[in-house]
A.B. asks: 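I'd like to ask you about the structure that follows.
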Number of protein chains: 2
Amino acid sequence: MKKPTTIHDIAKMANVSSATVSRVLSNSSYPVSKELKERIQQIAKESNYIPNMLGKQLKKNSSNTIGVIIPSIVNPFYSSVIFGIEEVARQNNFTVIVCNSLQDPALEDEYLRTIMEKQVKGLIISSISKDKSQLTQLMKLGLNVIAIDQKIDEDNVNQIEFDYHKAGYLATKHLQEKGHERIGYVTSKLDRPSRRSIHQGYMSAMKDAGLKPLVVESQTEEVYNAITEFDTGKQLTQKLLEHSPQPTAIFACNDMMAFGVINELSQRDIQVPEQVSVMGFDGIDVGQMIHPPLTTIKQPDYEMGKMACKMLLDMMQGDDSPMFDVMLQPKLLERKSIRDIRGEGK
Amino acid sequence: MKKPTTIHDIAKMANVSSATVSRVLSNSSYPVSKELKERIQQIAKESNYIPNMLGKQLKKNSSNTIGVIIPSIVNPFYSSVIFGIEEVARQNNFTVIVCNSLQDPALEDEYLRTIMEKQVKGLIISSISKDKSQLTQLMKLGLNVIAIDQKIDEDNVNQIEFDYHKAGYLATKHLQEKGHERIGYVTSKLDRPSRRSIHQGYMSAMKDAGLKPLVVESQTEEVYNAITEFDTGKQLTQKLLEHSPQPTAIFACNDMMAFGVINELSQRDIQVPEQVSVMGFDGIDVGQMIHPPLTTIKQPDYEMGKMACKMLLDMMQGDDSPMFDVMLQPKLLERKSIRDIRGEGK
DNA sequence: TTGTAGGCGTTATCAG
DNA sequence: CTGATAACGCCTACAA
């Protein structure tokens, strides 16, 4: 395991100065005679030269790296986002550092620190912590920030959000259009802006249609966990069914929960969608593999990742054309878990 | 956006040399008087000093970063692995760079290159490319490598694998113990060692029990994609059902495919598990949310990530205690998709 | 077109 | 205990 070759080594071998080698090997526009250029490239190849980015980056004071802080990569929603980010990053010769904050503000801060130390100049974050003081301070030191999913109300932070309100509205509206009037909404704790927005979307749609809302909210705070969501879905369904008259449709705040809803209904021999319709939220793949395939709302997660990364790179290039926040629009994935009950006695 | 403070700035403010500042701020064991130490720490804090790792790392020639190359982070199996890796990495002040190779050897090589350039000294890889020449060359240059999931037959590469063979055996055996004799195996293309091992496990178990194997293999090569697996499951089930007498149990090479199997059976009004039992493979969360909950084989993915990272860090510390390859053992998750048919006329 | 030399921020060696 | 000073690998005025 000998020392790696540097531009100086190559300079010696070629009997030129290291400056010239640098100019050739870094594809500088600086003029170098063709003959020399080729010789140097040749030698570099033969000696398996690998540039040391630390040197380069120290000099340039930037690291061709972007940081991504999200609650948990295990949440398929976020892994799609990252997938999009990573794709764009790679195309631009950037590298991605992934950080799972686990919804823990302390961890989030710790990661922010490491990111700064590593001279990362761009960050995509779905932040959960209330206190944005560290973040704003770091921005003053030159950190470019794009907030995804969870809004950050600070100047110079560009947002790229989902239109949760519209999504909630859209889902509810769709159920109404299929003739449903008693539509229940089951949701995990309304302790995050995104969840509150969906809820509000539901409320607006009900109000606009002159219908009485029926909401059941879970009180347990939890870190993302598929099974928990599922169980919550079951429990909330139980509660919901205590109401009389029973709803003809149930809208769940995420797909896992919708699975729970369907499961609970089946266990009580209530047919979906014959007796009760179910609307999900998220559009995860398995939704189309269950029975009945789940009608749901799809948020463009992968696209969010790509767009976030593009915006971030623009921002870092000091592209001073003004930036705008983006609100990504939801899409209805119509499958088979909702029944059209128009024109029926019910 | 002014220049960041360096140890020199702090040195000036404290009227000491930058050497002393370095010794204090890097927690060196080098003796510094208590009084000075405190003063420097104080000033560092007041001036919001953030160390520049590029400088440090250039000097030390290492980057406190590990690289992870996997086919795709969208595959929940790999996102669990990464989750485990990231956790251990963080605890040891390491940072993780994630690379999606998309099963493309060219991309894999590209990533390897960037990783080396960034002076990353440790790599965890699930490699898909046949040609390991670049990898071995990089190892000579000091790259520490742990291979996960996909075996790499090179010296100095430590393996941490799943026991796919045993897993396949275990699954088949379980079906047999429930009285099944005509057990079909549906699998995606047997073009990877892992898949071949499961298949062989199945074959051994059938042979040991004196039963005739019944295998249907997909011929399409594909990148990981949940829906594709599902559809493949459906198609292969169709084929399988053409055989007579029909199997009483179907074992699928992954859970998504098992979902497809179940779906196809339901569509043909074949009850699971009453008429045909189904065994999955992977243990993804949603398996317990479908109907019937899927009996399956769980590979310890998260643990694999943790272990891989621990081993890698040991390796990088030049811990010269000999390393051993690890074979992680599968576990049967018994749920409701398999029926006990012992003592029946069938 | 090429070379020289200084510096990016940090640590380590060697004197004081 | 503290301080100069020389690296680490690369880039870039500036000079030739």
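Values in this document were obtained by computation on a predicted structure and should not be read as measured data. In what follows, chains are A, B, ... by sequence order, proteins preceding strands, each numbered from 1.
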A.B. asks: Here's a test of your reading of the structure: between A:Y30 and A:S22, which maps to the more 5' nucleotide of DNA chain D?
C.D. replies: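 It is A:S22 whose nearest nucleotide is closer to the 5' end.
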A.B. asks: Can you see if the side chain of A:S33 gets near the phosphate of C:dT2 - specifically, an N or O under 4.0 Å from OP1 or OP2?
C.D. replies: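 Indeed, a polar side-chain atom of A:S33 lies that close.
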A.B. asks: Can you find a heavy atom in the side chain of B:N158 that is under 4.5 Å from one in the side chain of B:L312?
C.D. replies: no
A.B. asks: Take atom CG of B:L58 and atom P of D:dC10, then tell me their distance rounded to the nearest Å.
C.D. replies: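 The distance from CG of B:L58 to P of D:dC10 comes to 9 Å, rounded to the nearest Å.
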A.B. asks: Compare the minimum distances between each of D:dC10, D:dA4, D:dT2 and the side chain of B:V32, then state the nucleotide with the smallest one.
C.D. replies: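 Closest nucleotide among those given: D:dT2.
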A.B. asks: For B:I148, which of B:I160, B:V68, B:D301 qualifies under side chain to side chain contact (heavy atoms under 4.5 Å, CB included)?
C.D. replies: B:I160
A.B. asks: With no hydrogens and no angle check, is any side-chain donor or acceptor of B:N92 less than 3.5 Å from a backbone partner on B:F94?
C.D. replies: no
A.B. asks: Nearest to the A:T6 side chain among C:dG3, C:dT2, D:dG9, which nucleotide is it?
C.D. replies: D:dG9
A.B. asks: From D:dA7, C:dG3, C:dT13, pick the nucleotide closest to the side chain of B:K59?
C.D. replies: D:dA7
A.B. asks: Assign each of B:L36 and B:G55 to its nearest nucleotide of DNA chain D by heavy atoms, then name whichever residue's nucleotide is nearer the 5' end.
C.D. replies: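 Per heavy-atom nearest nucleotide, the more 5' residue is B:L36.
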A.B. asks: Out of B:I69, B:L123, B:D104, B:V98, which one pairs with B:Y111 under the side chain to side chain contact (heavy atoms under 4.5 Å, CB included) rule?
C.D. replies: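 When B:I69, B:L123, B:D104, B:V98 are each tested with B:Y111, the side chain to side chain contact (heavy atoms under 4.5 Å, CB included) holds only for B:I69.
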A.B. asks: Any side-chain N or O of B:K60 less than 4.0 Å from the OP1 or OP2 oxygen of C:dT11?
C.D. replies: no
A.B. asks: Distance check: side-chain N/O of A:K56 vs OP1/OP2 of D:dG9, anything under 4.0 Å?
C.D. replies: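 Indeed not, no polar side-chain atom of A:K56 lies that close.
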A.B. asks: Using OP1 and OP2 only, check whether a side-chain N or O of A:Y49 sits under 4.0 Å from D:dG9.
C.D. replies: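 For D:dG9, OP1/OP2 do not have a side-chain N/O of A:Y49 under 4.0 Å.
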A.B. asks: Between A:S17 and C:dG3, is there a side-chain N or O to OP1/OP2 distance below 4.0 Å?
C.D. replies: yes
A.B. asks: Could you give the CD1-to-P distance, from A:I10 to C:dG3, as a whole number of Å?
C.D. replies: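 Rounded to the whole Å, the gap is 14 Å.
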A.B. asks: If only atom types and distance count, is the side chain of B:R39 paired as donor or acceptor with the main-chain N or O of B:A14 below 3.5 Å?
C.D. replies: yes
A.B. asks: At under 4.0 Å between heavy atoms, what does B:S26 touch on the DNA or RNA strands: base, sugar-phosphate, or nothing?
C.D. replies: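 Sugar-phosphate contact only - B:S26 comes under 4.0 Å of backbone atoms but never of a base.
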A.B. asks: Students often get this wrong, so: under 4.0 angstrom with heavy atoms, is B:N61 touching a base, only sugar-phosphate, or nothing?
C.D. replies: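 It contacts nothing in the nucleic acid.
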A.B. asks: Quick check on C:dG3: is either OP1 or OP2 less than 4.0 Å from any side-chain nitrogen or oxygen of A:T20?
C.D. replies: yes
